[in-house]
Amino acid sequence: MSRKASDNVEYTLRSLSNLMGEKRRRQQAEGAAGSAAAAAAAAGERSLIAAESCSSLNSAASGAELERAARRQFQQDETPGFVYVVSVFSALGGFLFGYDTGVVSGALLLLKRELNLDALWQELLVSSTVGAAALSALAGGVLNGLCGRRPCILLASGLFTAGAGVLAAARDKETLLGGRVVVGLGIGVASMTVPVYIAEVAPPHLRGRLVTINTLFITGGQFFASVVDGLFSYLAKDGWRYMLGLSAVPAVIQFFGFLFLPESPRWLIQKGQTQRARRILSQMRGNQAIDEEYDSIKNNIEEEEKEVGAAGPVICRMLTYPPTRRALIVGCGLQMFQQLSGINTVMYYSATILQMSGVQDDRLAIWLAALTAFINFIFTLVGVWLVERMGRRKLTLGSLTGTAVALIILASGFLLSAQVSPRVTLNPPDPSHQNSTCTKYSYCNGCMLDPDCGLCYKLNKSSVVESSCIPVDKDSTMKAAWGRCSNETVFKKEDLFWAYNFCPTPYSWTALLGLILYLIFFAPGMGPMPWTVNSEIYPLWARSTGNACSSGVNWVFNVLVSLTFLHTAEYLTYYGAFFLYAGFAGLGLVFIYGCLPETKGKKLEEIESLFENRLCTCGMSDSDEGRYIEYIRVKGSNYHLSDNDASDVE
Ligand SMILES: O[C@H]1[C@H](O)[C@@H](O)[C@H](O)[C@@H](O)[C@H]1O
């Protein structure tokens, strides 16, 4: 069992005096019942505490007001701009994670023509990055523990810069593959280090918000990538070099910025570099006294070492010590359910979903995909705003519920469009005599599910006429390989339409509605919370390893879901695949409801105690939500403001 948090969190708060001052003013103004307490308050610090203990005699409303006032004062005092600067520089790692995973789809459109890439190579260029990220996230745990957070962030920005250089200068597909692997290695290290670093330097009341900014930067990077893709798609020759090379700019900025930024004070204390740690901590806390926080971290490390020991690999110690084992299950579970809810498939297929709803122009589809990324970004900002208001638990539960409903609507859109799938009425002979499978489908639904075919049709008012199932062009899914729909400019003039991956039906808007709702619900909660929660639920000795494992799980499920989507859609159809994701989201809800405790406002050193109960009851841990707790040192012992018993105060 770990020590009760109150034993080591000792705060002599200046804001306490402010709180008492405000209380006194109130009491004078009211000139009423609290006069005994007011007199005591005038008598010095000891009586201040006694007066505070009387606060429970006053109305709950006035108590809450006082707490809020003290909290405001405390927070103003506590947050110097330096913490924001450090967080933003670290979050550039998130930006690069988003940019490099997002930009590749646009780059591939140009690359496959210029370098003649077949489907396997395209697949390799996408998955090699994600696969490398999974491996380096796991390795990043060891590096973080041994070398510290700062060298890992420097390493990640170095890898991002090198990868961008290699990609921009590549002459063949093998070099491109090498560059994508290097970038992936950077993404993995950054994805596990940055949230940990921010959580360790942030003050408790801002931790959730600052770590969530990292995910805001991820989605910002994805949005920026989609705009860059849109802009450079007009540059048929070498446009991809700019797309892939541009990420060097934020990477270099981060690298040089971090040469001047400090190591995490918590890591330094753990390594015994206490003088440096104190200096950095006071830099981070501005005009606040840091003694209590410093002592608290140090005591906690010593205590943990006594309890868990320091021998053997960290992962074994984590698995054999129940609180960290539970935290690990919760952290990995959150990351797994984030990916199983299908975010990356939904984003990737957003262009198709938009085309389903009637967007025929391919350039417009690219820009509308940028709009999708923008919605994801803006609603992550909502998450930054909500995380310290609602708390992590409520935000995640609300977000996942909405995500599940949106997935059901999205799936129903595909289901309806499959059920009223138009008939194939024309079967023109194949001029290339290649005997394609496309001729065997008599309904659009079968044709749509075959990745090699698409539907070429005309519209008579709103009904589909003269429809044929034709092989898709190997270079562009926007046109057919031959026949009426093979030349985009011509077929658009003739009022012909080409549907790849979808069937034109009057219900297509349902899928669009599902897509928008999905992003609105997913982005503020399920997008950022798995990263935020993981950065805070492990004790210091287990933090790098815990984050390495959970980030690894995120990347492994990212690859699994993306790689299996097309096969899942082939076996279960599109609506089946989205219903499946809705099912996973439902399971995720049960898991999170039972297991995820509230960590809002707690000091990192207190959070371990939330995992002391059985796993499925951790979600019900006493979260002290809505209560403001501070500890003050009174003649060497601790005093809890919310306790009414003042008898141990001398
Ligand atoms: O939290 C992020 C974010 O939601 C991104 O949009 C998504 O692409 C990532 O996979 C996820 O980890």
Side-chain angles (χ1 to χ4, degrees), residues 91 93-105 126-127 129-134 137 184 187-195 198 208 211-226 229 331-350 369-384 386-387 392 395-396 399-400 402-403 406-407 515 518-535 547-563 565 581 584-585 588:
F95 182 87
L96 288 158
F97 157 177
Y99 184 87
D100 281 321
T101 47
V103 80
V104 68
S105 53
V126 178
S127 348
T129 309
V130 187
I187 296 180
V189 177
S191 71
M192 66 112 343
T193 312
V194 171
I198 300 182
V211 180
T212 307
I213 285 182
N214 183 49
T215 316
L216 181 71
F217 273 52
I218 298 177
T219 54
Q222 289 173 330
F223 168 57
F224 190 71
S226 61
D229 276 356
C332 293
L334 271 174
Q335 293 286 24
M336 179 180 83
F337 283 115
Q338 180 198 65
Q339 292 302 319
L340 286 180
S341 326
I343 173 66
N344 290 306
T345 325
V346 171
M347 293 265 286
Y348 190 74
Y349 278 84
S350 61
L371 181 71
T372 314
F374 183 68
I375 301 179
N376 192 23
F377 168 66
I378 283 297
F379 280 88
T380 313
L381 191 62
V382 174
V384 173
L386 283 178
V387 62
R392 296 33 163 176
L395 185 55
T396 314
S399 158
L400 195 53
T403 303
L407 277 167
L515 169 73
Y518 182 96
L519 293 169
I520 290 179
F521 281 106
F522 182 92
M526 271 317 274
M529 285 312 107
W531 298 107
T532 305
V533 169
N534 268 289
S535 72
N547 274 277
C549 293
S550 61
S551 311
V553 166
N554 180 293
W555 290 111
V556 168
F557 277 88
N558 188 327
V559 187
L560 278 181
V561 173
S562 329
L563 284 186
F565 180 74
Y581 296 155
F584 287 138

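Values reported hereafter were calculated over all heavy atoms of this structure, with side chains retained and with hydrogens, waters and symmetry mates removed. Whatever order the structure lists them in is the order used to number ligands and atoms, beginning at 1.
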Trace of the ring-ring contact (aromatic ring centres under 6.0 Å, His included) decision for Phe379 with Phe522: CA-CA 8 Å; Phe379 280 88; Phe522 182 92; over 10 Å; no
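For atom 12 (O) of ligand 1, the choice among Met529, Met526, Gln338 with the nearest heavy atom turns out to be Gln338. For the residues Trp531, Phe557, Phe377, the heavy atom positioned nearest atom 2 (C) of ligand 1 is part of Trp531.
Where the criterion is an N or O separation shorter than 3.5 Å, residue side chain and backbone included, Ile343 fails it with respect to ligand 1.
Contact annotation: the side chain of Pro195 never approaches that of Thr532 to less than 4.5 Å [non-hydrogen atoms, C-beta and beyond]. With contacts defined as side-chain heavy-atom distances shorter than 4.5 Å, the pair Cys549/Cys332 qualifies. Counting only heavy atoms from C-beta outward, the side chains of Phe223 and Ile378 never approach each other to under 4.5 Å. No side-chain heavy atom of Met192 sits less than 4.5 Å from a side-chain heavy atom of Asn534. Using a 4.5 Å heavy-atom cutoff, the side chains of Phe374 and Ser226 are not in contact. At least one side-chain heavy atom of Phe377 sits under 4.5 Å from a side-chain heavy atom of Leu216.
For ligand 1, the atoms sitting less than 4.0 Å from at least one non-hydrogen atom of Asn554 are 12 (O), numbered in the order shown with element in parentheses. For ligand 1 and Thr215, the ligand atoms under 4.0 Å from any heavy atom of the residue are 1 (O). Close approach to Phe522 involves these atoms of ligand 1, each under 4.0 Å from a residue heavy atom: 4 (O).
In terms of protein heavy atoms, atom 1 (O) of ligand 1 is closest to Gly527 O, 2.8 Å. Asn344 OD1, 3.6 Å is the protein heavy atom nearest to atom 7 (C) of ligand 1. For atom 6 (O) of ligand 1, the closest non-hydrogen atom on the protein side is Gln222 OE1, 2.9 Å.
The closest approach between any non-hydrogen atom of Gln339 and ligand 1 is below 4.0 Å.
Contact annotation: for Asn376 versus ligand 1, heavy atoms closer than 4.0 Å belong to the side chain alone.
Classified by interplanar angle (parallel below 30°, tilted 30° to 60°, perpendicular above 60°), the ring pair Phe217/Phe95 is perpendicular.
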